Amino acid sequence: MRHASIVAGLLLGAAFLATTASAAIVPGFYLGANGVWTDSQETMPSDFELGGNVSVSLQHRLSVVGCSYYGLQQEYLRASAGGRYTVTDVDNNDFSIGVGLQYHVSSDEALRPKEWAADVTIGFAPVPKDMPALTVILQGSHGLTTETTAAYVGGRFTLGGAR
Amino acid sequence: LKTLDFLVKLFGVPGDVVIAILNHAIENAPQEIADAARALLAKIEEPLDVANLSGALAELPEELMKVFKLDFDGRSHRSDAG
């Protein structure tokens, strides 16, 4: 029931933002791979993940983001969804920073507990001319319940929509 | 120095008080810094146009964004892929 309320709240928030948007929403679909490290290795061990991301840019700085990844070593499936405030460098449109809040769920709560987590994400294209679909992601995430901090380093391949 | 003058106008601090404080600081500063500060004080030019103060304040966020160069108005952000 609590989770349904959270999801309903997220959907209502997204609907509100969509109605205030001055132009059409811009979706993005990505395949990705992450290395993840945490400051609590006993309860949340490091792993290598494969999965995908979805983003919907509702306004030029507000986006709804979500992802689902599978941890290859601990064999868990996790997902998260939330909102993000993003700014992009005017002199380099292939470099941006976002600050957001996401709700995390997983198939193994002992390894990846359900919780809200605040995150800061840097995204940049290392070779935008030769490989425009490639984005490198550096993300720091702090769980508001477990107070565990996780660092993600990953690559994304854009399937469609946004870059 | 324009910033100093701006602050003086904004907060209503008497200019002579500010100059007195600066002179006191100069007296206790190393010789090189004191000389440079005196040279700067000697270059104080006309004060800012106070009538345009509100306009200057209204432009401040935009100016700050230019400083940080993070005012991209697009809707396709690399970090949204994370």
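Here the structure is a predicted model, which is why all the values come from computation and not from measurement. Below, chain A is the first sequence line, B the second, and so on; all start at residue 1. Side-chain atoms are counted along with the backbone in the values below, which use heavy atoms only and exclude waters and symmetry mates.
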Enquirer: Grouping I, L, V, M, F, W and Y whenever their side-chain heavy atoms are under 4.5 Å apart, do A:Leu101 and A:Val105 come out in a common cluster?
Expert: yes
Enquirer: For the OG atom of B:Ser79 and the CZ atom of A:Phe95, what is their distance to the nearest 0.5 Å?
Expert: 9.0 Å
Enquirer: Do A:Tyr69 and A:Phe48 sit in one hydrophobic cluster, given that two such residues count as connected whenever their side-chain heavy atoms are within less than 4.5 Å of each other, even indirectly?
Expert: no
Enquirer: Heavy-atom pairs under 4.5 Å with chain B are the metric here; pick the option from A:Asn53, A:Val136, A:Asp119 that has the most.
Expert: A:Asn53
Enquirer: Sort A:Leu134 into side chain, backbone, both or neither according to what part of it lies under 4.5 angstrom from a heavy atom of chain B.
Expert: backbone
Enquirer: Which one of A:Thr86, A:Leu138, A:Thr121 has the most heavy-atom pairs closer than 4.5 Å to chain B?
Expert: A:Thr86
Enquirer: Is there a path of hydrophobic side-chain contacts, each under 4.5 Å between heavy atoms of I, L, V, M, F, W or Y residues, that connects A:Val54 with A:Leu159?
Expert: yes
Enquirer: Determine, stepwise, if the pair B:Asp80 / A:Arg84 fulfils side chain to side chain contact (heavy atoms under 4.5 Å, CB included).
Expert: CA-CA 8 Å; B:Asp80 280 352; A:Arg84 185 170 293 159; 3.8 Å; yes
Enquirer: Transitively linked via ILVMFWY side-chain contacts under 4.5 Å: A:Phe157 with A:Leu50?
Expert: no
Enquirer: Under 4.5 Å between side-chain heavy atoms, counting indirect links through other Ile/Leu/Val/Met/Phe/Trp/Tyr residues: same cluster for A:Tyr70 and A:Met44 or not?
Expert: no
Enquirer: Calculate, to the nearest 0.5 Å, the distance between atoms NE2 and OG belonging to B:His77 and A:Ser57 respectively.
Expert: 5.0 Å
Enquirer: Highest number of heavy-atom pairs under 4.5 Å with chain B: which of A:Cys67, A:Gly154, A:Ala125?
Expert: A:Ala125
Enquirer: Got a second to check how far A:Ile122's CD1 is from B:Arg78's CZ, nearest 0.5 Å?
Expert: 15.0 Å
